[in-house]
Amino acid sequence: MAAAEDALRELRELVRAARYREALELFDRTATRDAPTDPEAELVVAAAATRIGRIDRAAELAGRALEQFLARANIDGQMRAANLLGAIAFERGELDEAERTFSEALELARQLSDTLVAARAANNLASVAHLRGRPEVALGLYRSALLSYQRLGDRRGAAETWHNLGLCSRQMADLREADAAALEAVRHAELTGDPALLALTVLGRAETDLERQDLELALTEIERARRSAAESGD
């Protein structure tokens with residue numbers, strides 16, 4: 001039991017440090033065919049696999065974790081697995097499945113009064129609405145998520161949500177709001193110290209620059225995003 005807890009702790013530390021490939025490699029080295037795998041470890045590694053584009057592997061791990069959480073009647077685990085499976089479906093472009101699993105995660109989060117996962121699920125559902133051309137629905141969900149992140153003091157969540165608000169405002173041709181949201185997204189991302197998140201938010205600013213026909217500034221932002229993405233290995 002102690003060894004399993006130590007392994008899970010190490011996996012979580014690697015993921016927190018954005019060392020996603022190392023987390024996956026460690027899991028593969030330590031997993032055995034004969035012993036059942038800890039669903040918590042599978043879920044952590046599934047998130048890491050998603051971040052490095054190993055989507056099929058992420059789906060396999062998250063699906064196995066969900067099966068074990070269901071067998072154990074672990075609602076908290078089901079909630080987190082559903083949210084990750086929604087993200088995986090979203091990456092694959094399977095919007096119906098993404099909407100279904102994000103909605104399930106949001107419902108479970110509300111049952112458990114889990115503000116953080118509720119914020120994440122609302123943010124994710126908003127992204128589905130955005131892609132489906134329902135910006136008003138998306139804006140409401142994004143703002144709800146942002147309020148929760150601000151109450152929690154979660155800068156990562158706030159950065160991601162400000163970034164998404166910028167995308168949504170740009171879709172609605174409100175470039176002033178898009179620019180303000182993009183600036184907030186970058187500010188929060190800089191404070192997290194995560195180069196992958198910074199790359200995402202800076203690229204959002206570059207896209208707004210392009211909409212305003214400011215090509216020189218957009219190129220500068222794109223180069224900054226490229227350097228941050230390379231640094232992160234994401």
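Keep in mind that this is a model prediction, so the values were computed, not measured. Index from 1, following the sequence.
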Asker: Given the rule in the side-chain hydrogen bond (donor to acceptor under 3.5 Å, both in side chains) test, do Asn123 and Thr161 qualify, once you have shown the distances and angles that lead to the verdict?
Answerer: CA-CA 7 Å; Asn123 199 351; Thr161 308; 2.8 Å; yes
Asker: Using 0.5 Å steps for rounding, measure from the CG atom of Asp174 to the CD atom of Glu211.
Answerer: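 Spacing of CG (Asp174) from CD (Glu211) equals 12.0 Å.
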Asker: Going from CZ on Arg21 to CG on Leu26, what distance comes out if it is rounded to the nearest 0.5 angstrom?
Answerer: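 Taking CZ in Arg21 and CG in Leu26, the distance rounds to 15.5 Å.
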Asker: OG of Ser169 to CG of Leu165: how many Å apart, nearest 0.5 Å?
Answerer: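 Result: 6.0 Å between the selected atoms.
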Asker: Quick check on the hydrophobic clustering: are Ile52 and Leu11 connected, directly or via other members, by side-chain heavy-atom contacts under 4.5 Å?
Answerer: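 Both belong to a single hydrophobic cluster.
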Asker: Hey, is Arg187 close enough to Glu190 for a salt bridge, meaning N to O under 4.0 Å?
Answerer: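 No, Arg187 and Glu190 are not salt-bridged.
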Asker: Test side-chain hydrogen bond (donor to acceptor under 3.5 Å, both in side chains) on Glu104 and Gln78; report intermediate values, then the result.
Answerer: CA-CA 9 Å; Glu104 180 182 335; Gln78 293 172 42; over 6 Å; no
Asker: Locate the shortest heavy-atom distance separating Ala62 from Ile88; write the atom from each residue and the value.
Answerer: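 Minimum heavy-atom separation between Ala62 and Ile88: CB-CD1, 4.1 Å.
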Asker: Are Leu24 and Val15 connected in the hydrophobic side-chain network, where two residues link if heavy atoms are under 4.5 Å apart?
Answerer: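 In one cluster: yes.
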Asker: Quick check against the 3.5 Å criterion: does Ser228 have a side-chain atom that pairs as donor or acceptor with the backbone of Ala225?
Answerer: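 Checked: no pair found.
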Asker: Calculate, to the nearest 0.5 Å, the distance between atoms CD and OG1 belonging to Glu10 and Thr30 respectively.
Answerer: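 Interatomic distance, Glu10 CD to Thr30 OG1, rounded to 0.5 Å: 8.5 Å.
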Asker: For the atom pair CG (Leu95) and CZ (Arg132), what is the distance rounded to the nearest 0.5 Å?
Answerer: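 Answer rounded to 0.5 Å: 5.0 Å.
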Asker: Rounded to the nearest 0.5 Å, how far does NE2 of His188 lie from CD of Gln150?
Answerer: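 NE2 of His188 is found 6.5 Å from CD of Gln150.
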Asker: Cation-pi check, Arg64 to Phe69: give yes when NZ or CZ is under 6.0 Å from the six-membered ring centre and within 45° of the ring axis, no otherwise.
Answerer: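 So Arg64 doesn't make the cation-pi contact.
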Asker: Is there a chain of hydrophobic side chains (I, L, V, M, F, W, Y, each step under 4.5 Å between heavy atoms) that links Leu43 to Val45?
Answerer: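 In one cluster: no.
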Asker: Only one of Arg51, Glu25, Arg54 passes side-chain hydrogen bond (donor to acceptor under 3.5 Å, both in side chains) with Tyr20; say which it is.
Answerer: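 The residue from Arg51, Glu25, Arg54 that satisfies side-chain hydrogen bond (donor to acceptor under 3.5 Å, both in side chains) with Tyr20 turns out to be Arg51.
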Asker: In terms of ring plane angle, is the pair Phe102 and Phe90 parallel, tilted or perpendicular, where the classes change at 30° and 60°?
Answerer: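 Phe102 and Phe90: tilted rings.
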